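Take a look at the structure below.
Source: prediction; values computed, not measured. For ligands, and for the atoms within them, numbers begin at 1 and follow the listed sequence.
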Amino acid sequence: MVTFVGAGSGAADLITVRGARLLGQADVIVYAGSLVNPELLQLAKPGCRVYDSARMTLEEVLDVMVPAARAGQAVVRLHTGDPSLYGAIREQMDALDAAGVAYEVVPGVSSFCGAAAALKAEYTLPDVSQTVIITRMAGRTPVPEREQLRSLAAHGSTMVLFLSSGLIPQVVEELLAGGAYTADTPAAIVYKATWPDEAVYRCTVGTLAETAERYRITRTALITVGGFLGGTYERSKLYDPGFATGYREASR
Ligand code: SAH
């Protein structure tokens, strides 16, 4: 059995209880060394074989996982954040299917959740935005034409950009071309959310590029954009005294 485990966004104690238990039971661990906190490897039992996938191809990863799983060993494939976002797990799962190897997925705290915690922010504020767009700037990995950043930016929703902190001038150009955000729209760069060296840089769309340059942010950061970072919103209906829910009657 292979288990894909979300390691969480950084801090070692943000892994799930289930993920930690599986790490402790694993005979083989293949971890994404570029972003997974190495402290998590201390959970491995003595004799566990540990591989850093940052130095491996898909084929090499499979050459470790498939024979081990076939031999009845417990294999953990440890991915950063939550494996479902930019994790390249689909190609591994399809290869395991083809090889007849069973697998499961254990979710993790994605860095976009870690970033909201670092910002002490709520992405979905009444009257501001009820939608979070998670995307990236096209780089070496292309983005489908219909999802070009400028067209997503036309919604003016909350937006979280992964894998784009090396391309901020282009990001800003696209955000403004959408027509909904302006140079004054609040933005923030969250560097290494939930790691000990986490840093939050609040700015605006207009000052994103100079902020990234000043603090030398080129990687391991998320760019967040939208009115959720501003000061204006409506209070929620859910906790409004005049609003009845399945759990509470309206009091006025
Ligand atoms: N599956 C991961 C994302 C992997 S893609 C998740 O759910 O978080 C790698 C990108 O994620 C990085 O380029 C960066 O944009 C972002 N990232 C990962 N960890 C981060 C962190 N702790 N703080 C800020 N951004 C992070």
Side-chain angles (χ1 to χ4, degrees), residues 3-16 18-19 23 29-40 52-56 58 61 76-93 103 105-121 123 132-143 147 149 152 158-172 174-175 187-203 208-209 211-212 215-226 228-229:
T3 315
F4 294 90
V5 174
S9 50
D13 58 354
L14 281 180
I15 193 169
T16 61
R18 186 186 300 179
L23 265 185
I29 296 172
V30 184
Y31 72 106
S34 53
L35 278 173
V36 166
N37 191 333
E39 254 182 63
L40 283 169
D52 177 358
S53 63
R55 297 162 202 290
M56 299 162 79
L58 170 62
V61 166
V76 166
R77 177 71 172 104
L78 190 60
H79 281 273
T80 178
D82 183 82
S84 70
L85 290 169
Y86 309 107
I89 60 165
R90 174 65 188 270
E91 60 197 25
Q92 299 174 68
M93 295 190 292
Y103 54 85
V105 182
V106 177
V109 175
S110 175
S111 59
F112 84 91
C113 301
L119 288 161
K120 300 189 174 77
Y123 287 137
V132 183
I133 294 182
I134 288 172
T135 188
R136 63 174 299 169
M137 185 75 199
R140 279 195 297 176
T141 302
V143 171
E147 295 173 12
L149 189 52
L152 300 180
T158 297
M159 192 180 286
V160 182
L161 287 143
F162 282 70
L163 296 160
S164 303
S165 44
L167 300 163
I168 292 189
Q170 295 94 305
V171 167
V172 171
E174 292 292 306
L175 291 177
I189 300 172
V190 183
Y191 172 75
K192 293 194 84 173
T194 76
W195 287 82
D197 48 345
E198 166 186 290
V200 168
Y201 304 104
R202 292 175 194 268
C203 57
L208 259 175
T211 304
Y215 298 103
R216 299 202 162 77
I217 306 298
T218 53
R219 55 199 300 224
T220 329
L222 292 171
I223 302 161
T224 64
V225 183
F228 80 98
L229 291 162

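Near Thr80, meaning under 4.0 Å from one of its heavy atoms, ligand 1 places the atoms 1 (N), 2 (C), 4 (C), 6 (C).
Of all protein heavy atoms, the one closest to atom 8 (O) of ligand 1 is Ser111 OG, 2.7 Å. In terms of protein heavy-atom proximity, atom 10 (C) of ligand 1 is nearest to Leu163 CD2, 3.8 Å. When hydrogens are left out, the protein atom nearest atom 23 (N) of ligand 1 is Ala193 N, 2.8 Å; that is the closest non-hydrogen contact.
Put simply, the side chain of Leu14 reaches to within 4.5 Å of the side chain of Ser9, judged on heavy atoms. Annotation: side chain of Tyr123 is in contact with side chain of Thr224 (closest heavy-atom distance under 4.5 Å). The shortest side-chain heavy-atom distance between His79 and Ser53 does not fall under the 4.5 Å cut-off. Side-chain contact between Asp82 and Val109 is absent, with no heavy-atom pair separated by less than 4.5 Å. Here the side chains of Tyr86 and Thr141 are not in contact, with every heavy-atom distance at 4.5 Å or above. Side-chain contact between Tyr103 and Gln92 is absent, with no heavy atoms from C-beta onward closer than 4.5 Å.
Contact between Thr194 and ligand 1 is absent, with no heavy atom of the residue lying under 4.0 Å from the ligand. A heavy-atom separation below 4.0 Å is not found between Gly87 and ligand 1. Within the 4.0 Å heavy-atom cutoff, Lys192 counts among the residues contacting ligand 1.
Here Val190 has backbone heavy atoms under 4.0 Å from ligand 1, and that is the only part of it that gets that close. Neither the backbone nor the side chain of Pro83 has a heavy atom within less than 4.0 Å of ligand 1. With a heavy-atom cut-off of 4.0 Å, Trp195 touches ligand 1 through its side chain alone.
Any N or O atom pair closer than 3.5 Å counts here, and Leu85 shares at least one such pair with ligand 1.
The distance from the CD1 atom of Ile189 to the OG atom of Ser164 is 11.5 Å, given to the nearest 0.5 Å.
Across Ser110, Ala221, Ala199, heavy-atom proximity to atom 14 (C) of ligand 1 is greatest for Ala221.
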(request) Show your reasoning for whether side-chain contact (heavy atoms from CB on, under 4.5 Å) applies to Val160 and Ile133. (result) CA-CA 6 Å; Val160 182; Ile133 294 182; over 6 Å; no
